[in-house]
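Below is one structure; the comments refer to it alone.
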Amino acid sequence: MKHWNEEDLIEFYYGESKSSAAIGEHLRGCEECSERYTALSSDLFAIQPPATPFRDADYGAETWEKIRGSVTAYPTARKSRFGWPRLQPWFGFAMAAACLLIIAVSFFAGRRWEHHSVSMDTATAKNGADQGRQRVVLVVLGEHLDRSERLLVELKHAQPSREAPLRDEARDLLSANRLYREDVRQAGEPALTAALDHLERVLTEVANEPAGLSQARLDELQKEMNTDGLLFEVRVLRSRVQGDLENKQNTTATVKGVSI
Amino acid sequence: MKVHDHAIVREVLDGNKDAYGTLVARHSQSVFRVAFRITGDEADADEVVQEAFLRGYQRLQSFELRAGFGTWIYRIAVNCALNMKNRRKVEAKYKVGEENDPALRQVQVADTAAGPERTLLSREIEQMQTAAMESLTAIERTAFVLRHMEDRSTTEIATALEIAPDAAKQAVFRAVQKLRRSLAPLRVNL
């Protein structure tokens, strides 16, 4: 019978052991290890944190007063430190709306172009139109996946808040996501469809949050929705879409070269 | 409505240095608590709090808005407290006297407490624990405080101490082993 050493038991005590199920099972059956673990738990339990001296509500203000004279104000910048101009909130909404409009126009232009190409007589023209449409779809889908990735990264690192910036972004993405999912489903792309389906469930959850996300809700969402896994999936798909787009561009360039 | 930490950071970086006072007020209690647990000294903990927020202000441009300000300043405070602990250890080497003799410290019992026997015993236990904690290296002590008292994961400890996760794990193990050895007499007596 393999006995667990002190390091294993310490890890187990703090709930960080990768073999916690095996150790738990072993402790139930092995008297020797069980006694060692009881002694360890008892020793650690006895070590209590020392009582922290009281600091009243003004402590922060007093601390700030002490260091205030040692700091100099940052120079007032017109641009934020990320190089983006400081914009009014309405401008952000306007930009988001404009982006959605462009995406929608591009999407429908792609579809129109496809229908138009059907009526063309030559196979080359039809092929070119298909590729053009696919390029548009790939570009738009790439952008969508890019935005989704950013949202998932924000969700992964989100702090509890009463504000709801993620919710608004999720609502924006949700409607677009439904269109793309339907489109890729019809195009016969099961992997992409499944990923967009998973993404849609997460977006729906975030979009329907009443106001901001609490820590508990964030943990629950991250666990339930496996956002880490989805983030990885989206990254893989985005790079695949990007690769497909580059291939399409290369193919078009070759075709053009031959025609000329 | 409570303004989000990130919005305040942006405001400070835009030139409003007094906005930083709100962040200090908001996080000073938790920073003080961890500073006190690591240094074990009230005055040192106050000094660590000031140093941490000062460093935080100076490095605010490197703060990434993806992280929480509370977590970020907490890490800075842990580092400041660790440095403070190391400084104090070096200073203690140059001091000569009874109070710095670990063997004596372990058995010292305050005779001013004229309470019942239980109070005396509890005081003795507390003093032995303090002495046992003092016997740890600064890294071991900090890693143990973060793991055992602050309930931080190995990854968080490693990030805060800027060491590899395995090194953080080993520091906690060594601390537990040393503490158990130091406190073994208590186990027999109780």
Side-chain angles (χ1 to χ4, degrees), chain A residues 5-11 13-17 39-40 42-82 86 150 153-154 156-163 165 212 215, chain B residues 1-2 4-6 10 12-18 20-22 24-29 32-33 36-37 40 42 45-46 49-50 53-54 57-58 60-61 65-68 70-71 125-126 129-130 132-133 145 147-150 153-154 169-170 172-173 176-177 179-180 183-184 186-187 190:
Chain A
N5 62 30
E6 193 182 3
E7 290 187 5
D8 297 322
L9 296 180
I10 293 170
E11 260 194 315
Y13 177 84
Y14 287 121
E16 284 207 311
S17 174
L40 170 76
S42 155
D43 286 352
L44 287 173
F45 183 76
I47 305 173
Q48 293 297 321
T52 308
F54 176 73
R55 289 292 179 271
D56 63 20
D58 293 333
Y59 179 61
E62 287 162 11
T63 305
W64 170 236
E65 273 312 307
K66 283 178 191 161
I67 60 173
R68 192 178 177 280
S70 311
V71 299
T72 49
Y74 283 93
T76 309
R78 296 187 86 118
K79 287 185 169 188
S80 76
R81 65 204 181 96
F82 301 106
R86 309 283 287 149
R150 282 203 299 274
V153 168
E154 276 182 49
K156 192 178 167 190
H157 298 282
Q159 297 291 316
S161 162
R162 272 189 279 174
E163 295 166 1
Q215 186 61 59
Chain B
M1 195 178 120
K2 192 177 169 188
H4 196 276
D5 283 356
H6 289 175
R10 283 194 206 99
V12 176
L13 291 172
D14 276 350
N16 179 8
K17 82 169 185 179
D18 284 321
Y20 193 70
T22 311
V24 177
R26 209 173 270 182
H27 299 282
S28 54
Q29 297 279 354
F32 175 75
R33 189 197 62 226
F36 177 74
R37 284 177 174 177
E42 205 172 333
D46 281 328
V49 173
Q50 289 172 33
F53 280 108
L54 196 58
Y57 186 91
Q58 285 156 355
L60 205 56
Q61 281 177 310
L65 291 177
R66 279 196 308 187
T71 314
I125 293 169
E126 200 182 307
Q129 276 191 9
T130 309
M133 289 291 281
V145 164
R147 174 69 274 186
H148 188 75
M149 298 172 186
E150 295 279 311
S153 69
T154 301
K169 199 188 283 181
Q170 285 306 317
V172 174
F173 290 157
V176 171
Q177 285 168 341
L179 288 171
R180 291 190 78 199
L183 299 173
L186 282 179
R187 206 184 308 149
L190 288 176

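Chain A is the first sequence line, chain B the second, and so forth, proteins listed ahead of strands; every chain is numbered from 1.
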Original post:
Do A:Glu16 and B:Lys169 pass the side chain to side chain contact (heavy atoms under 4.5 Å, CB included) test, and can you show the C-alpha distance, the side-chain angles, and the key distance before you say yes or no?
Top reply: CA-CA 10 Å; A:Glu16 284 207 311; B:Lys169 199 188 283 181; 5.9 Å; no
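- A distance-only check finds a donor-acceptor pair linking the side chain of B:Gln129 to the backbone of A:Ala46 [under 3.5 Å].
- In terms of heavy-atom proximity, A:Gly60 sits nearest to B:Val24 at O-CG1, 3.4 Å.
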**OP:** For side chain to side chain contact (heavy atoms under 4.5 Å, CB included), just list the numbers for A:Trp64 and B:Asp18, CA-CA rounded to whole Å, side-chain angles, deciding distance to a tenth of an Å, and then say yes or no.
**Re:** CA-CA 9 Å; A:Trp64 170 236; B:Asp18 284 321; 3.7 Å; yes
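- A salt bridge is absent between B:Arg147 and A:Glu11: the closest approach of a Lys/Arg side-chain nitrogen to an acidic carboxylate oxygen does not fall below 4.0 angstrom.
- Inter-residue side-chain proximity for B:Tyr57 and A:Ile67 is flagged as unmet; no heavy-atom pair is nearer than 4.5 Å.
- Inter-residue side-chain proximity for A:Gln48 and B:Glu126 is flagged as unmet; no heavy-atom pair is nearer than 4.5 Å.
- If you run side chain to side chain contact (heavy atoms under 4.5 Å, CB included) between B:Arg180 and each of A:Ile47, A:Leu44, A:Asp43, only A:Asp43 comes through.
- B:His148 and A:Tyr14 have perpendicular rings, their planes meeting at more than 60° on a 0 to 90° scale where under 30° would count as parallel.
- Using a 4.5 Å cut-off between heavy atoms, A:Asp56 contacts chain B through its backbone alone, with no side-chain atom that close.
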**OP:** Step by step, work out the side chain to side chain contact (heavy atoms under 4.5 Å, CB included) result for A:Thr52 and B:Arg37.
**Re:** CA-CA 8 Å; A:Thr52 308; B:Arg37 284 177 174 177; 4.2 Å; yes
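- Looking at B:Val145, there are no atoms closer than 4.5 Å to chain A (heavy atoms on both sides), in backbone or side chain.
- Between the side chain of A:Lys66 and the backbone N or O of B:Gln50 there is no donor-acceptor pair closer than 3.5 Å.
- Of the two parts of B:Thr130, neither the backbone nor the side chain holds a non-hydrogen atom closer than 4.5 Å to a non-hydrogen atom of chain A.
- The shortest non-hydrogen separation linking A:Pro53 to B:Phe32 is O-CE2, 3.4 Å.
- Looking at every heavy atom in both residues, B:Leu13 comes nearest to A:Tyr74 through O-CB, 3.6 Å.
- Residues B:Glu150 and A:Pro49 are not in side-chain contact: their nearest non-hydrogen atoms beyond the backbone lie 4.5 Å or more apart.
- Side-chain contact check for A:Tyr59 versus B:Val49: some heavy-atom pair is nearer than 4.5 Å.
- Interface residue A:Glu6: only side-chain heavy atoms are found under 4.5 Å from chain B.
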**OP:** Would you please test A:Arg55 and B:Glu42 for side chain to side chain contact (heavy atoms under 4.5 Å, CB included) and show each step?
**Re:** CA-CA 11 Å; A:Arg55 289 292 179 271; B:Glu42 205 172 333; 3.1 Å; yes
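- At a 4.5 Å heavy-atom cutoff, the contact between B:Asp46 and chain A is made by backbone and side-chain atoms alike.
- Of all the heavy atoms in B:Gly15 and A:Ala73, the pair that sits closest is O-CB, 3.5 Å.
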